[in-house]
Each structure stands twice: as structure tokens, then as C-alpha cells.
Amino acid sequence: MIITRFAPSPTGHLHIGGARTALFNWLLARGQGGQFVLRVEDTDAQRSKEEHTQAILAAMSWLGLDWDGEPVYQSARFELHRQHIQKLLADGRAYWCHCRPEDIEAKRQEALKAGGKPRYDGHCRELGLGPAPGGVIRFKSPPTQTVSWPDLIKGPISVDSEELDDLVLLKSDGNPTYNLAVVVDDLTMGVTHIIRGDDHVNNTPRQILLYQALGANLPQFGHVPMILGQDKARLSKRHGATSVMAYKEMGYLPQALNNYLARLGWSHGDQEIFSLQEMVELFSLKRVGKSASVFNPEKLNWLNAHYIKQTSTEELGRLVWPYLAAQNLTCPNPGYLAQAMATVRERGKTLVELAEKAAFYFQALPPLNPKDALKLLTSTGLAYLAEVGQELRRAFPQTHEALDELLKNLASAHNVKMGQIAQPLRLALTGQTASPGLFDILNILGPERVNQRVQAALAFKPNQAEADRA
RNA sequence: GUCCCCAUCGUCUAGCCUGGUCCAGGACACCGGACUUUCACUUCGGCAACAGGGGUUCAAAUCCCCUUGGGGACGCCA
């Protein structure tokens, strides 16, 4: 059985790149009936925060990426890590190093200046030193050999061990380093497939050497390409929102984000739309591309719009309501909300947009857009509106055709286009010139609200407004 | 600087492994048309790419090499 893992460090929120890595691991495990485990890489006590862990778990849950068992905290396994370090020490595969950080840094700078790679020079390697305050334990890299592995995504990769220096395994504070902890944990947790970000490619040969020194079999490695911003630089805050929860707040659906993230790098022929279940069935690392990809919010919008259209009006109501409630709006009843959603569902790309477009249904009197009011509620516009209001009071249209006829009759009576009649009414009812279909609005608002809004708009004083503007 | 990786429309990608069916397909975005009382939706059509140069071959987007470009890594961070 395969075991995959997602191993975030709780030093921040779950970002887009991490979410995709998590998704790929999850898809791989679920697709093959394996396990997907979560490991919190909190070896850095300074930067790790429990609140970040909780935020990451919340984001995972929102995306629907469930993990098997309880999350494993790396910090709870330090003893295990130290045992493995002791073993390496005993086997002569590691040694104590007393070099001062400043000296090492100086040597790095020198090496860099000389055009070389800034790596540790192995000063303490053969000194046979013992424990000392401020000392660290380093891995004794084996002599020249080529380290290579068949990367599940990138294909064969090989590195000359000459390039690798003696990395620190135990820090001077007595805690293990990332590279040691990862290897020990993946090993002891039985992880079979390590799917992680591209930025770890350089760690892999070091870790392979550690596996070998520990006498362990190698897991499979796969490195997923980075996600870039529009300028092709690594995706970061300056490109806009990067955290998964920020997308939730902006009104994106988890299905949309999952679908988008999956298609960013992975493909299955020409198919664009995938449910999570479908992805589970179809996902394969072989179909993941090797090159980095640019994050494209437009396409995410398109997918989000697609999934919004797929969502029932009742469900949409539940999802959109928080945004409406935040504006202190009230809702007559759940049915009203669902009806409103039905009319805006195809007009917005995010839940936030839906809330904006549906707000007028819930406002006591939607504020008239000043520019549009000035343009439409002229003396003739108001005259038309008064007439429409009268007609509506006399016979409130029960069908789309009835409204159509009402508007048509008025238009031809005054020898104007339908828009001349319809737009002032639209403005009166919604405060805007762009809105759902008039009949739907009429039908949902009902005669009473419609009459209120028309009367309120009729009170608009074009001349006064002109004066105010001047 | 050194090492590793990558390279098809503006973007995500199919095709590349197993050369010919590709004057390169799909999607997003963009531009037109249709629909229409607004805005959308939908629909029809359009624009748009094999980074450059050498090979190999009857034939290369597909294989090889170089150049260029991009990304990543080089921590007692993860």
C-alpha cells in the first residue's frame, strides 16, 4: 500500500502552492487506496505557531482533503531523531563539529568570491571531536559518487556527491535539523511516495545519502514544479492573494480551487472540468508536467463561475448569505433568498459578486446610482416611470409575457424603444442599470415592494440633483 | 558564481517517450457576430505558439548537441 504525506511547516498559512502539493499527494493516495498522512514540520521552535497549524488544517478541511490518522508533530519525535543521529555517530557516518558559525560564514563568502560553491570545508571531519557546548553534529558525506533517482515527475536526476557538503544533523540547541527529521520521519512513518515542491530537488540527494547511511530502502520521489506569478517570478504576496483561506473569503468554491490547482500542471487530454472524485480516478503523476506554471486568476474565475452555476440555489443562498448579512441586510425567508440566487447565479464569478448583485433584493430601498439616476430619471423618464407604476398597480404581471406586453404597449404609445421604459423601472427597483431580468425581479419583490420602490424613485428631483452636482 | 531543473498560442495545456496522420488540437483571456428591455448566460466565428542555431533522418514540435532565456538550490529555515 502506498503512503503519501503532506508536510507543511506551521510558519504561515496554507498557500496556493502548498495546497496543490497537498492535493497531488491526496489524489495519489486516494486513487490507489493508500494513505495520506499529515505531518507538521515544526522543528523551528521560533517560527512555528500552533495557530498556523490550526489554520492549515482548516484550509485542508475546506478543500476537502482529509488525512488519515492524527496529524504528526515533528517536534514530538525529537527523541527518535536523536536516536538515529546517535546511530550515525556510532557508525562513523557523522561527527561533532565545533566550528563557529561566523567562521563558516566567512569561508562561504570566500568560496563564493572565488567562484565556487559556498559549502562547509569539512574542517572538523577527521578531528574525532566529542560533544561540546555550541557544537553540532554533521553528516559525513560519503566520498565521490553519483547520487541519482528516477523522479516520478521530472524523470532521472543525478547529482555528483562532490556538490554536497557535510550537512548539520543536530543543531547546537540539541534539536534535529529539517533534513534529518524528514528522513527519519518519512522512514519510520513508512512513507512510500514523497511528492513535494520543486524547491526540494536539491535536498533529495542529501536525503538519499542519509537513507543509505541509515541502511534504509529509498522511497519514491516526485517534485512538482513551482507556481509562478504573472511576471514569471515565484508566486508571492506581491502577486496578490496566495493563501487558500483568502480565496475562500473572496468567494471561491473549494471545487473550483481544487479543479484549477489540479489543472495547473496536470492534464487529462482536453478535459478541463473535474470533480474531486473524477480527479481521484484519473490522476497520475505521469500526467504532471515538468515545467513551472503561471497562476492565472482569470481561469480560476471561469471555473468558479462554472461551479457556481452547478450549485443549487438553496446552497448558494447559504454560501452567499454571510456576505449579505455582513451589510446588515435581512431576509424575509429562505425561499426569497434562493429565488434571488436563481436570478444572479449566472451573473457573478464569485460569491462576493453574487452578494453584490443580489443586495438590492434585501435593501429596504436600494440607493439609486447617482449617475444613472441623473441620466434616466429626467422629466420624461420620470413620466414614463409614473405610468409604468400605474400600470403595475392596476395589473401586476403574472407572466413574463404579460410584462413584455405592458412594456411594449407603453413604448409604442410613446413611440420610443422599450429600453426607454424599462431602464427607469430597472433603476427604480434595483438602483442600478444592470440587473437580472425585470420580470424575475418583479416576481420576487412582489407588488408591495415594487410600488414602494417606484414611488421612492418618483420622488427623485433631477433639477435638484443637477444643482447639487454643480 | 557553482550545481540542479525547465522551454508549444499572452496564460493553462494536448501532441514529444514509440519521428510522418500537426501548414500543431483544446481551454482561459481577448476581438467580432447572433440572442436581448439592461447586465450576464448561451452560441457561432476569429486572432494567436513549436525560443534560436547546428546536427541525425527520406522525414523533427517530436531524437542529439550548443546557445539563449526562465526557475530552483547553495543556512545550526523548512
Side-chain angles (χ1 to χ4, degrees), chain A residues 7-11 41-44 46-48 74 97 99 101 104-105 108 111-120 134-138 151 154-155 157-160 162-165 167-173 175-179 181-182 197-205 223 225-226 228 230 232-234 260 263-273 286-287 289-303 305 309 343-349 357 372 403-404 407-408 411 417-423 425-427 430 432-439:
Chain A
S9 71
T11 53
E41 312 245 300
D42 56 349
T43 51
D44 186 338
Q46 303 298 320
R47 298 196 301 149
S48 298
Q74 206 157 43
C97 168
C99 289
I104 295 175
E105 187 50 34
R108 276 204 190 96
L112 211 49
K113 230 179 251 173
K117 207 165 188 169
R119 54 186 180 214
Y120 179 63
V136 300
I137 296 178
R138 286 182 182 274
D151 196 276
K154 294 186 167 281
I157 298 179
S158 60
V159 180
D160 198 318
E162 195 86 334
E163 300 297 329
L164 285 11
D165 60 359
L167 74 165
V168 172
L169 303 179
L170 190 76
K171 306 187 228 178
S172 59
D173 67 1
N175 289 334
T177 58
Y178 162 77
N179 274 300
V182 165
D198 216 341
D199 47 340
H200 286 289
V201 180
N202 296 272
N203 286 323
T204 303
H223 292 91
M226 305 267 87
L228 277 24
Q230 306 275 267
K232 303 235 179 184
R234 188 187 191 144
Y260 178 71
R263 268 300 275 106
L264 200 57
W266 173 73
S267 65
H268 181 258
D270 287 339
Q271 190 170 343
E272 297 286 353
I273 306 290
K286 289 201 184 93
R287 304 294 316 171
K290 298 178 179 186
S291 51
S293 28
V294 174
F295 186 83
N296 179 208
E298 298 292 346
K299 191 150 184 179
L300 173 59
N301 280 342
W302 175 72
L303 279 165
K309 283 178 229 161
T343 68
V344 294
R345 183 159 51 172
E346 296 189 336
R347 285 163 225 270
K349 296 185 188 305
K357 290 179 193 300
D372 294 329
L403 173 68
D404 205 43
L407 293 175
K408 228 177 244 170
K417 288 191 177 172
M418 271 230 260
Q420 300 280 307
I421 310 293
Q423 285 304 77
L425 176 60
R426 184 185 310 281
L427 180 67
T430 69
Q432 310 285 330
T433 50
S435 79
L438 267 184
F439 175 71

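Excluded from the calculations below are hydrogen atoms, water molecules and symmetry mates; all remaining heavy atoms, backbone and side chain alike, are included.
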Identify whether any heavy atom of [X] sits under 4.0 Å from a base atom; if not, whether one sits that close to sugar-phosphate; answer base, sugar-phosphate or nothing.
| X | answer |
| --- | --- |
| A:Thr433 | base |
| A:Val294 | sugar-phosphate |
| A:Pro436 | base |
| A:Cys99 | base |
| A:His200 | base |
| A:Leu264 | sugar-phosphate |
| A:Ser158 | sugar-phosphate |
| A:Gly437 | base |
| A:Gly134 | base |

Among [options], which is the nearest nucleotide to the side chain of [X]?
| X | options | result |
| --- | --- | --- |
| A:Thr43 | B:C76, B:A78, B:G26 | B:A78 |
| A:Trp302 | B:A78, B:G26, B:A29 | B:A29 |
| A:Met226 | B:A78, B:C41, B:G71 | B:G71 |
| A:Asn202 | B:C3, B:U37, B:U38 | B:C3 |
| A:Arg234 | B:A73, B:C5, B:A78 | B:A73 |
| A:Asn296 | B:C28, B:U37, B:C41 | B:C28 |
| A:Ile157 | B:U38, B:C5, B:C77 | B:C5 |
| A:Arg347 | B:C39, B:G25, B:G1 | B:C39 |
| A:Ser435 | B:U38, B:G1, B:U37 | B:U38 |
| A:Arg108 | B:U37, B:G1, B:G75 | B:G75 |

Can you tell me the distance, in whole Å, between the [atom1] atom of [X] and the [atom2] atom of [N]?
| X | N | atom1 | atom2 | value |
| --- | --- | --- | --- | --- |
| A:Leu167 | B:C3 | CG | P | 20 Å |
| A:Asp198 | B:C74 | CG | P | 13 Å |
| A:Arg426 | B:U36 | CZ | C1' | 10 Å |
| A:Arg119 | B:U2 | CZ | P | 13 Å |
| A:Asp270 | B:G15 | CG | C1' | 10 Å |
| A:Asp404 | B:U36 | CG | P | 11 Å |
| A:Lys309 | B:A40 | NZ | P | 13 Å |
| A:Arg345 | B:C39 | CZ | C1' | 17 Å |

For [N], what is the paired nucleotide under Watson-Crick or G-U wobble rules, both distances under 3.5 Å?
| N | answer |
| --- | --- |
| B:U38 | none |
| B:G1 | B:C74 |
| B:U43 | B:G33 |
| B:G69 | B:C6 |

Determine the minimum heavy-atom distance between A:Pro225 and A:Gly289, stating which atoms define it.
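Smallest heavy-atom distance, with atoms named: CG-O, 3.2 Å.
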Residue pair A:Ala181 / A:Gln74: nearest heavy atoms and the distance that separates them
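Scanning both residues completely, I find the closest heavy atoms to be CB-NE2, 3.4 Å.
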Say we look at [N] and [M]: how far apart would their [atom1] atoms be, to the nearest angstrom?
| N | M | atom1 | answer |
| --- | --- | --- | --- |
| B:C65 | B:C17 | P | 15 Å |
| B:G25 | B:U38 | P | 36 Å |
| B:G75 | B:C63 | P | 35 Å |
| B:C50 | B:C4 | C1' | 25 Å |

For [N], does OP1 or OP2 lie under 4.0 Å from any side-chain N or O of [X]?
| X | N | value |
| --- | --- | --- |
| A:Thr430 | B:U38 | no |
| A:Thr177 | B:C76 | no |
| A:Arg287 | B:G15 | yes |
| A:Lys232 | B:G10 | no |
| A:Lys290 | B:G70 | no |

Does any donor-acceptor pair link the side chain of [X] with the base of [N] at a separation under 3.5 Å?
| X | N | result |
| --- | --- | --- |
| A:Ser172 | B:C76 | yes |
| A:Gln230 | B:G10 | no |
| A:Asn203 | B:A78 | yes |

Output the distance between atom [atom1] ([X]) and atom [atom2] ([Y]), rounded to the nearest 0.5 Å.
| X | Y | atom1 | atom2 | value |
| --- | --- | --- | --- | --- |
| A:Leu300 | A:Lys349 | CG | NZ | 11.0 Å |
| A:Glu105 | A:Arg108 | CD | CZ | 5.5 Å |
| A:Thr433 | A:Asp372 | OG1 | CG | 4.0 Å |
| A:Asp42 | A:Thr11 | CG | OG1 | 10.5 Å |

Closest-nucleotide ordering on RNA chain B, the 5'-leading residue of A:His268 and A:Gln423:
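Its nearest nucleotide lies further toward 5', so the answer is A:His268.
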When the nearest nucleotide of RNA chain B is assigned to A:Glu272 and to A:Arg138 on a heavy-atom basis, which residue is associated with the more 5' position?
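By nearest-heavy-atom nucleotide position, the 5'-most residue is A:Glu272.
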Please determine whether a side-chain nitrogen of the Lys or Arg among A:Glu272 and A:Arg263 lies less than 4.0 Å from a carboxylate oxygen of the Asp or Glu.
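Counted as a salt bridge, because a side-chain N and a carboxylate O are separated by less than 4.0 Å.
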For the backbone of A:Asn296 and the side chain of A:Tyr260, can you confirm whether one donor and one acceptor N or O come within less than 3.5 Å of each other?
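Checked: pair present.
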Say whether, by atom type as modelled, one donor and one acceptor occur between the side chain of A:Lys154 and the main chain of A:Lys290 under 3.5 angstrom.
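Side chain of A:Lys154 to backbone of A:Lys290: a pair is present.
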